[in-house]
Amino acid sequence: RPTGIINCNLNYDIKVSEMLSPPPGIASDCFDYDQTPIKVKLINQGISDVFNFDINYRINSNAIITDNVTDTIPAGGSIEYSFSTNAGIVGGSNYYIDIWVSLASDQNKYNVSISEIVILLPGNSITPPYVQDFESFSSCPTTSNCSDGECTLSSGWVNAKNIDVDNIDWRVNYGDTPSSGTGPDLDANPGTVFGNYLYLEASGNCDSNEALLFSPCIDLTNTQGISA
């Protein structure tokens, strides 16, 4: 049974349901999250309306930010609340975000807070048309060393951090791969043995591992004729 209060009608019970922005998990820093406030969903699970209470957040070990919620949340209702200050988070770091409500009359202390992790990767935006053949990328070691092998990419392409986020990196290579009977002999463009490509080295007990590759964000604002 999960920890908490079950099947009780409480007068006052505010739930911090979820963090809507920035998105928890892994994201690319293409959307000015440093200029975006933290946004959460609050649910009133009590049988009385609630208003005029404090909501707080803290990023890593930084100062606590407190707002006062003056909007009325009716019984059984919900609101999406944006803090009055921007989150101020930038790419290249991990952020541990705690959010909680301060209401002395709240009768359920098990759901008044949430903790989320945002892993914000460095990122930039590009506009179409866009083609990437990886020819300008520097080659990376092709040793079958799994998470110990790190490959730094360029032009806005990023490998997620091994161990912290995923397990192995995409490698830049040309010609054959080092393991026999696997991989290509040449790249797709320009289609020669000297052309670069990205690949995963699964030999040496590296199979069944996760490798996350992030491209630059593609800005489609002024692109015509887009269809899903």
Side-chain angles (χ1 to χ4, degrees), residues 17-42 57 59-60 62 65 67 78-97 99 114-140 149-174 184 187-192 194-200 209-228:
S17 175
E18 59 181 316
M19 184 171 73
L20 302 173
S21 179
I26 306 169
S28 182
D29 185 23
C30 307
F31 305 105
D32 294 326
Y33 286 123
D34 59 327
Q35 299 299 316
T36 302
I38 289 179
K39 185 177 182 180
V40 296
K41 183 176 182 180
L42 305 175
Y57 77 82
I59 300 177
N60 296 338
N62 297 329
I65 304 299
D67 274 8
S78 65
I79 64 170
E80 294 180 358
Y81 182 81
S82 296
F83 280 86
S84 58
T85 56
N86 293 327
I89 62 177
V90 295
S93 297
N94 296 354
Y95 297 93
Y96 300 86
I97 304 176
I99 305 170
I114 58 173
S115 296
E116 300 287 3
I117 300 175
V118 176
I119 300 172
L120 201 58
L121 303 176
N124 62 331
S125 296
I126 57 174
T127 56
Y130 175 71
V131 176
Q132 180 56 259
D133 59 14
F134 309 111
E135 294 307 302
S136 64
F137 286 33
S138 299
S139 296
C140 295
E150 296 189 350
C151 182
T152 301
L153 307 178
S154 57
S155 301
W157 291 74
V158 179
N159 270 311
K161 181 69 175 176
N162 291 342
I163 305 303
D164 288 346
V165 181
D166 62 0
N167 306 114
I168 58 176
D169 278 359
W170 289 82
R171 315 280 184 97
V172 182
N173 191 40
Y174 63 89
D187 76 335
N189 183 14
T192 71
F194 301 106
N196 285 345
Y197 58 86
L198 301 186
Y199 85 107
L200 292 174
N209 284 332
E210 182 180 35
L212 298 178
L213 175 66
F214 290 85
S215 73
C217 297
I218 300 176
D219 186 355
L220 302 177
T221 303
N222 298 315
T223 303
Q224 303 296 319
I226 301 174
S227 60

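Here CG of Leu200 is found 9.0 Å from CZ of Arg171. Values are rounded to the nearest 0.5 Å. In this structure, Phe214 CZ and Ile26 CD1 are separated by 4.5 Å, a value rounded to the nearest 0.5 Å. Interatomic distance, OG1 of Thr85 versus CG of Asp67, reported as 6.0 Å (0.5 Å rounding). Rounded to the nearest 0.5 angstrom, Cys140 SG and Tyr199 OH are separated by 9.0 Å. The CG atom of Asn86 sits 6.5 Å away from atom OG1 of Thr36, with the distance rounded to the nearest 0.5 Å.
Put simply, the side chain of Asn60 gets close to the backbone of Tyr96: a donor and an acceptor are under 3.5 Å apart. One N or O on the side chain of Asp166 and one on the backbone of Leu212 form a donor-acceptor pair closer than 3.5 Å. A donor-acceptor distance shorter than 3.5 angstrom exists from the side chain of Asp169 to the backbone of Cys151, with no hydrogens or angles considered. In terms of modelled atom types and a separation under 3.5 Å, the side chain of Asn196 and the main chain of Phe134 share a donor-acceptor contact. Proximity of a side-chain donor or acceptor of Asn94 to a complementary backbone N or O of Leu120 within less than 3.5 Å is not detected. Between the Glu18 side chain and the Leu20 main chain, no donor and acceptor come within less than 3.5 Å of each other.
Using a 4.5 Å heavy-atom threshold, the side chains of Ser17 and Ser78 count as separate. Residues Pro128 and Ile218 meet the side-chain proximity criterion, which asks for heavy atoms closer than 4.5 Å. Using a 4.5 Å heavy-atom threshold, the side chains of Val118 and Met19 count as touching. In this structure, the side chains of Trp157 and Phe137 come closer than 4.5 Å at one or more pairs of heavy atoms. The side-chain heavy atoms of Pro216 and Tyr130, taken from C-beta on, include a pair separated by under 4.5 Å. Side-chain contact between Tyr95 and Ile117: absent, with no pair of heavy atoms (C-beta onward) separated by less than 4.5 Å. Between Ile99 and Glu116 the shortest side-chain heavy-atom distance does not fall below 4.5 Å. The side-chain heavy atoms of Thr127 and Asn222, taken from C-beta on, include no pair separated by under 4.5 Å.
Ile38 and Ala87 make their closest contact through CG1-CB, 3.9 Å (heavy atoms, listed as atom of the first residue, atom of the second, distance). Closest heavy-atom contact between Val172 and Ser138: CB-O, 3.4 Å. Closest of all the heavy-atom pairs between Pro22 and Ile97 is CG-CD1, 4.4 Å. The nearest pair of heavy atoms linking Leu213 to Asn159 is CD1-OD1, 4.1 Å. The heavy-atom pair separating Glu150 from Asn162 by the smallest distance is CG-ND2, 3.9 Å. Closest heavy-atom contact between Ser136 and Ser155: OG-OG, 4.1 Å.
Surrounding OH of Tyr174 are at most 12 heavy atoms belonging to other residues, nucleotides or ligands under 6.0 Å away.
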